[in-house]
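Read the structure below first, then the notes.
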Amino acid sequence: MKISILDDYHDTLRTLPCFSKLAGQDVTIWNDHVQDVEALAERLRDTEALVLIRERTQIRAPLLERLPKLRLISQRSVYPHIDIDACTRLGIIVSSSQHPGVPSYATAEMTWGLILAAMRQIPQQMAALKAGKWQIGVGTTLRDKTLGIYGYGRIGSAVAGYGRAFGMNVLVWARPKTLEAARADGYATASSKAAFFAECDVITLHMRLVDATRHIVTAADLAYMKPTALLVNTSRAPLIEPGALADALKRGRPGMAAVDVYEQEPVLDTAHPLLSMPNVICTPHIGYVTLDEYEVQFIDIFDQITAFAAGTPINVINPEVLKSKVR
């Protein structure tokens, strides 16, 4: 089977132990990022199985309609970047493991790294030292501060545990059912969304991007935050109202931000508004990018390919296509 893998920026996948699952297959790996439909259609014209690394490339109808040999898209986690209806119409199976109960510890650790880096001004202090300056400011201790977890799911609960280990007061805001889970784990929950944003010294977002969560953090919410507070987003940029974070930072509430995700990725324009702000730490969506996390994810992705090749597809998002005879 002819398999294409997109957006493997550092040519990492072939070094993973699980890559052996594709032995004997015709695999092409692309290391750059391309979103142009013409270029992608040319690259993928003979592809039968397409492997995606999270949401790096948008797979929409105008592209899918130009890939007559494509029979399977294999990936992991959510799929807002894939036109599932078009896949179903064209007879393309989408397999995507939702890995219930298994958080991305890599993302949780990255979140904590950003919290520490921002509160202790680590990147700024490093840059100053390299420029011949010594101690350019005073950081903030985390112990006894309030850590706000917005969205108490698999990753949010892991970050809450880190906060507890650091002696922080953990406060949760989420859907009613999720608030019950947080309380059952011994965490306090906010009395209201406004109180949550007003009381926390650090707020970190941990929600999936769906219609109900898109732009769930508004300019009004951010305006409640303390001038000394930090907002961290390692989840998805569209959870925040467009432009609201940059505007809020200019107004001084919150006083700091640390972000790993952006409205349009990759970010290659150095004029991006967040990149020029001294009170913002920006990283290039590396929350889940570790060798360990890749191995965990691609075991599922490659197993989906071998199951499809054996005639027994698994983790099928659009089961209607199994009855289709389009392709």
Side-chain angles (χ1 to χ4, degrees), residues 103-123 139-175 178-179 181-182 185-190 193-209 213-218 221-241 244-246 248-249 253-262 274 279-289 293:
S104 170
Y105 289 110
T107 302
E109 290 174 4
M110 181 68 187
T111 301
W112 202 254
L114 288 176
I115 291 171
L116 287 170
M119 297 299 277
R120 297 301 300 271
Q121 306 174 342
I122 293 174
T140 301
T141 302
L142 292 175
R143 191 172 189 85
D144 294 328
K145 301 296 190 302
T146 298
L147 171 65
I149 307 291
Y150 196 166
Y152 188 78
R154 290 172 290 193
I155 297 176
S157 60
V159 175
Y162 300 158
R164 177 179 278 171
F166 270 73
M168 298 188 75
N169 303 308
V170 178
L171 187 66
V172 177
W173 184 248
R175 296 177 294 113
T178 313
L179 288 176
D185 287 343
Y187 294 111
T189 57
K193 186 182 183 185
F196 175 78
F197 277 90
E199 293 172 18
C200 293
D201 298 293
V202 177
I203 290 177
T204 180
L205 309 181
H206 298 291
M207 290 167 280
R208 287 186 171 185
L209 180 62
T213 60
R214 187 177 294 274
H215 307 159
I216 196 169
V217 177
T218 67
D221 295 328
L222 297 175
Y224 283 115
M225 294 184 72
K226 302 174 184 178
T228 55
L230 165 69
L231 182 87
V232 181
N233 190 2
T234 58
S235 186
R236 293 293 180 270
L239 294 174
I240 304 175
E241 183 182 336
L245 181 57
L249 289 162
R253 290 178 180 267
M256 298 173 286
V259 298
D260 188 47
V261 290
Y262 308 87
L274 293 179
N279 54 342
V280 182
I281 295 174
C282 296
T283 52
H285 203 158
I286 55 173
Y288 66 97
V289 182
E293 182 71 14

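Values below: every heavy atom of this structure, side chains too, minus hydrogens, waters and symmetry copies. Positions are given from 1, in the same order as the sequence printed here. Keep in mind that what you see is a predicted model, and the values were worked out from it rather than measured.
- A side-chain donor-acceptor contact under 3.5 Å links D221 to the backbone of T218.
- Around OH of Y105, the count of heavy atoms belonging to other residues, nucleotides or ligands within 6.0 Å does not exceed 12.
- Between the OG1 atom in T140 and the CG atom in L230 there is a gap of 9.5 Å [rounded to 0.5 Å].
- A 6.0 Å sphere centred on OH of Y162 holds more than 12 heavy atoms belonging to other residues, nucleotides or ligands.
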For L179 and Y152, what are the C-alpha separation, side-chain angles and deciding distance, and is it a side-chain contact (heavy atoms from CB on, under 4.5 Å)?
CA-CA 7 Å; L179 288 176; Y152 188 78; over 6 Å; no

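- Using a 4.5 Å cut-off on side-chain heavy atoms (C-beta onward), Y262 and C282 make contact.
- The line from CD1 of I216 to CD of E241 is 12.5 Å long, rounded to the nearest 0.5 Å.
- T234 and T111 form a side-chain donor-acceptor contact under 3.5 Å, judged by distance and modelled atom types alone.
- Taking both residues in full, the closest heavy atoms of F196 and A190 are given as CB-CB, 3.6 Å, listed atom of the first, atom of the second, then distance.
- Distance CG/L231 to CG/L245: 6.0 Å, rounded to 0.5 Å.
- To the nearest 0.5 Å, the span separating CE on M110 from CD1 on I286 amounts to 3.5 Å.
- We find the SG-CE distance between C200 and M225 to be 7.5 Å, quoted to the nearest 0.5 Å.
- Relative to the six-membered ring of F197, R253 misses at least one condition, a distance below 6.0 Å or an angle of at most 45° to the axis.
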Should K193 and Y224 be marked as a side-chain contact (heavy atoms from CB on, under 4.5 Å) after you check the CA-CA gap, both sets of side-chain angles, and the distance that decides it?
CA-CA 10 Å; K193 186 182 183 185; Y224 283 115; over 6 Å; no

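- Taking every heavy atom of both residues into account, D260 and G287 meet most closely at OD2-N, 2.8 Å.
- The one candidate from N169, I203, T204 that meets the side chain to side chain contact (heavy atoms under 4.5 Å, CB included) condition with L147 is T204.
- Taking 4.5 Å as the limit, some side-chain heavy atom of M119 sits within range of a side-chain heavy atom of M256.
- The only option from N233, V172, V217 that meets the side chain to side chain contact (heavy atoms under 4.5 Å, CB included) definition with Y150 turns out to be V217.
- Across every non-hydrogen atom of A244 and L222, the tightest pair is O-CD1, 3.7 Å.
- Side-chain N or O atoms of D201 include none that pairs as donor or acceptor with a backbone N or O of K145 at under 3.5 Å.
- When each of H206, M207, R208 is tested with L239 by the rule side chain to side chain contact (heavy atoms under 4.5 Å, CB included), just one qualifies, namely M207.
- A donor-acceptor pair under 3.5 Å is absent between the side-chain atoms of K226 and the main chain of P254, judged by distance alone.
- Here I149 contributes atom CD1 and M168 contributes atom CE; the two are 8.5 Å apart, rounded to the nearest 0.5 Å.
- For the pair G163 and V170, the tightest heavy-atom approach, listed with the atom from each and the gap, is C-CG2, 4.3 Å.
- Of all heavy-atom pairs between L171 and E199, the closest is CD2-OE1, 3.5 Å.
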